[in-house]
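Side chains are part of it too, since the values below use all heavy atoms of this structure and drop only hydrogens, waters and symmetry mates. Because the structure is a prediction, the values reported are computed rather than measured. In what follows, every chain begins at residue 1, and chains take the letters A, B, ... in the order their sequences are listed.
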Amino acid sequence: MTGCHRIRWGRMSTTSVVFSRATGRDVRVRFCPSPTGTPHVGLIRTALFNWAVARHHGGAFVFRIEDTDAARDSEQSYAQLVDALSWLGLDWDEGVGVGGPHEPYRQSERGALYLEVIDKLKAAGHVYESYSTAEEIDARNEGSGRPKQHGYDNFDRTLSTQQRAEFRAEGREPALRLRIPDELDLSFTDLVRGDISYPAGGTTDFVVVRPNGAPLYTLVNPVDDALMGITHVLRGEDLLPSTPRQIALYHALIDIGVTTFVPRFGHLPYVMGEGNKKLSKRDPESNLFLHRERGFIPEGLLNYLALLGWGFSADRDVFSREEFFTAFEVSSVNPNPARFDHKKAEAINGAHIRALSAADFTGRLVPYLESAGIVSTPITAAQEAVLAEAAPLVQERVSVLSEASTMLAFLFVDASGLSYEDGVIAALPAGAPAVLTAAHAALDRMPGREWRHDRIEEALRGALVDGLGLTPRAAFGPVRTAISGRRVSPPLFESLQILGKPESLARLDRLMAQFGSPHPLG
RNA sequence: GGCCCCAUCGUUUAGUGGCCUAGGACACCGCCCUCUCACGGCGGCGGCGCGGGUUCGAAUCCCGCUGGGGUCACCA
């Protein structure tokens, strides 16, 4: 599988350039975002797949920050990136925060390293001074009948010493471009797409250093990968067209002794939003933290993200983190774009929520209930006791944790504070007052020590179903509304048990009062 | 426009020449379970973009077309 290209290196030498053939523990992958904005699910999916490759092979996962754009980078964004990876449990072996043999791991702190490489590149003739401005390049293309988008024409490659001196005399400062040998074939075998061919001569020289001396992403990204010994580069599909340029740079880096191999590349499919457009940063669904706020648990979101372009098996799509990286193979990543489907995502998340132990689930609910104002912040011991009983009632009813707030709210207020869902009272059947009266009587008759859901059910069934000859639906509907204020609620008898007898009777009283019924048992 | 990538149910994915009258999941629709809603169970709806080849045989291989996307920065 390892590609090996024999290439002629211009007039300098004939070199045998090999792509990495690292396997097992020698595999080194990286995640190298720029800290601009909130973590995007597509970006995190890329991190996830890289992490999975490292864990699958027992290799290393390197976390590097590409903060070379002072205008757009922010410390807040950096913190969010760390937060996102940590939350999902994507731990890194080397990189920011944990250190490692290739420190520093923030590009903003690696300037001296780049300068050194640039000097070597210059000395070996791999880069040259380019004075062309964008306007001049366009003008030359138009003048010679080429489309404007043709791009750079390698004009400055052949500038004489004299011409360079003249430009300098005009006060112009040169950018540095990589000289790509005309006869260099830049094809490669993509880890997810197979052979991709970029014939010799199809790639023009590109800028690697700004006139002010600042190295660009085009240089710094491959240089750091080379310096850090990265063997497999998994990144977004949008970077596919820049791969031939990077391979050309690698040839130069090998020539000057910075590294000895070219990493293998794998281009991951886009994560799409609505329509045929890539999920944009503006789209709320792209925001990882919004999903967390909605109540995705890390296990669930990780599982769903893994499904974006990959499949666990033919008949299963719910799996654990360990099962994921054990089964993951880059070669089985699907090359076509995946659409982010929040319905499916929530279904997967719901499956993970149901798999939680009751205690674990209960604990994870707390922050959501606190921020929704359902319980105090921090939660009181009394509220915690109610929650411990109530949480299991909703565990199989939610697919995201935030849903529990509306389901559980009625348990954390008293009868007078209970709010009724819109239209719920109007929707009650004509016989509702009679049902409520009978229910009240039956419950009131129960000794307090028997106030358990099974006995409550017995009492209510006896009075309403057997006594009034109602269907269970007609019998319990009005009671449910009185107790929860809603049409749909957690299991009724268990809810009554949690509320206790006095509170339950108070709620029945309150709803009966709405109908002007006489107070039972005066 | 040049170059590059992609193409199986609505969505996602299985399928690497015969196991496919194309399998699973989500969504949707029925039914069952049932105190509501869920969960769970059962069933249904629904797909290989088109045209040529290769082959005894093609969703699978080749070519073309069509469609979609990306990229052509002194941004990353």
For the [atom1] atoms, the ones on [N] and on [M], what distance do you get once it is rounded to whole angstrom?
{"N": "C20(B)", "M": "C37(B)", "atom1": "P", "value": "39 Å"}
{"N": "C50(B)", "M": "G44(B)", "atom1": "C1'", "value": "30 Å"}
{"N": "C26(B)", "M": "C35(B)", "atom1": "P", "value": "25 Å"}
{"N": "C4(B)", "M": "A58(B)", "atom1": "C1'", "value": "27 Å"}
{"N": "G67(B)", "M": "U21(B)", "atom1": "P", "value": "32 Å"}
{"N": "C48(B)", "M": "C61(B)", "atom1": "C1'", "value": "16 Å"}
{"N": "G52(B)", "M": "U13(B)", "atom1": "C1'", "value": "29 Å"}
{"N": "C63(B)", "M": "G24(B)", "atom1": "C1'", "value": "33 Å"}

Hey, are [X] and [Y] close enough for a salt bridge, meaning a charged N less than 4.0 Å from a carboxylate O?
{"X": "D454(A)", "Y": "R452(A)", "value": "yes"}
{"X": "R364(A)", "Y": "E299(A)", "value": "yes"}
{"X": "R179(A)", "Y": "D205(A)", "value": "no"}
{"X": "R354(A)", "Y": "E396(A)", "value": "no"}
{"X": "R106(A)", "Y": "D73(A)", "value": "no"}

Using a cut-off of 4.0 Å between protein heavy atoms and nucleotide atoms, how would you tag [range] 5' to 3' with B, S and -?
{"range": "nucleotides 40-46 of chain B", "value": "S------"}
{"range": "nucleotides 11-19 of chain B", "value": "SSSS-----"}
{"range": "nucleotides 70-76 of chain B", "value": "SSB-BBB"}

* **Pairwise distance CG(L216(A)) to OH(Y114(A)) - rounded to 0.5 angstrom** =>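 Interatomic distance, L216(A) CG to Y114(A) OH, rounded to 0.5 Å: 12.0 Å.
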Which whole-number value in Å describes the distance from [X] [atom1] to [N] [atom2]?
{"X": "D315(A)", "N": "A25(B)", "atom1": "CG", "atom2": "C1'", "result": "10 Å"}
{"X": "D466(A)", "N": "C35(B)", "atom1": "CG", "atom2": "C1'", "result": "14 Å"}
{"X": "E346(A)", "N": "C39(B)", "atom1": "CD", "atom2": "C1'", "result": "16 Å"}
{"X": "F493(A)", "N": "C37(B)", "atom1": "CZ", "atom2": "C1'", "result": "14 Å"}
{"X": "Q395(A)", "N": "C39(B)", "atom1": "CD", "atom2": "P", "result": "14 Å"}
{"X": "D195(A)", "N": "C4(B)", "atom1": "CG", "atom2": "P", "result": "13 Å"}
{"X": "F265(A)", "N": "C4(B)", "atom1": "CZ", "atom2": "P", "result": "18 Å"}
{"X": "E494(A)", "N": "C37(B)", "atom1": "CD", "atom2": "C1'", "result": "13 Å"}

* Reckon P335(A) touches a base, only the sugar-phosphate, or nothing at all at heavy-atom distances under 4.0 Å? ->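 Sugar-phosphate only.
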* Asked: How would you label the contact of T204(A) with the nucleic acid (heavy atoms, under 4.0 Å): base, sugar-phosphate, or nothing?
  -> nothing
Under 3.5 Å for both donor-acceptor distances, Watson-Crick or wobble: does [N] have a partner, and if so which one?
{"N": "C45(B)", "value": "none"}
{"N": "A7(B)", "value": "U66(B)"}
{"N": "G1(B)", "value": "C72(B)"}
{"N": "A59(B)", "value": "none"}
{"N": "U16(B)", "value": "none"}

Cation-pi check, [X] onto [Y] ring (under 6.0 Å, within 45° of axis):
{"X": "R140(A)", "Y": "F155(A)", "value": "yes"}
{"X": "R172(A)", "Y": "Y131(A)", "value": "no"}
{"X": "R235(A)", "Y": "F49(A)", "value": "no"}

* Those residues that, when tested against E494(A), pass side-chain contact (heavy atoms from CB on, under 4.5 Å) (two or more places apart) ->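 By the side-chain contact (heavy atoms from CB on, under 4.5 Å) rule, E494(A) matches L393(A), H453(A), P491(A).
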* Taking side-chain contact (heavy atoms from CB on, under 4.5 Å) as the test, write out the residues that go with N287(A), two or more places apart. => T38(A), F289(A), L290(A)
* Asked: Taking the nucleotide of RNA chain B with the closest heavy atom to each, which residue, L492(A) or G202(A), is nearer the 5' end?
  ->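 The residue whose closest nucleotide sits nearer the 5' end is G202(A).
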* Is the phosphate of C37(B), meaning OP1 or OP2, less than 4.0 Å from a side-chain N or O of R473(A)? -> yes
* Asked: OP1 or OP2 of G24(B) sitting under 4.0 Å from any side-chain N/O of R316(A)?
  -> no
* For L408(A) against P490(A), the heavy-atom pair lying closest together -> CD1-CG, 4.5 Å
* Asked: What nucleotide, of C35(B), A27(B), C37(B), holds the atom closest to the side chain of R397(A)?
  -> C37(B)
* Tell me which nucleotide among C6(B), C35(B), A25(B) gets nearest to the side chain of D317(A). =>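 Of the options given, the side chain of D317(A) lies nearest A25(B).
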* Enumerate the residue pairs fulfilling side chain to side chain donor-acceptor pair (under 3.5 Å) with a member in residues 461-480 of chain A, sequence neighbours excluded, ordered by first and then second residue. => E457(A)-R461(A), R480(A)-S489(A)
* Asked: What residue among W310(A), Y304(A), F312(A) forms ring pair (Phe, Tyr, Trp, His ring centres under 6.0 Å) with F324(A)?
  ->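 Only one option passes, and that is W310(A).
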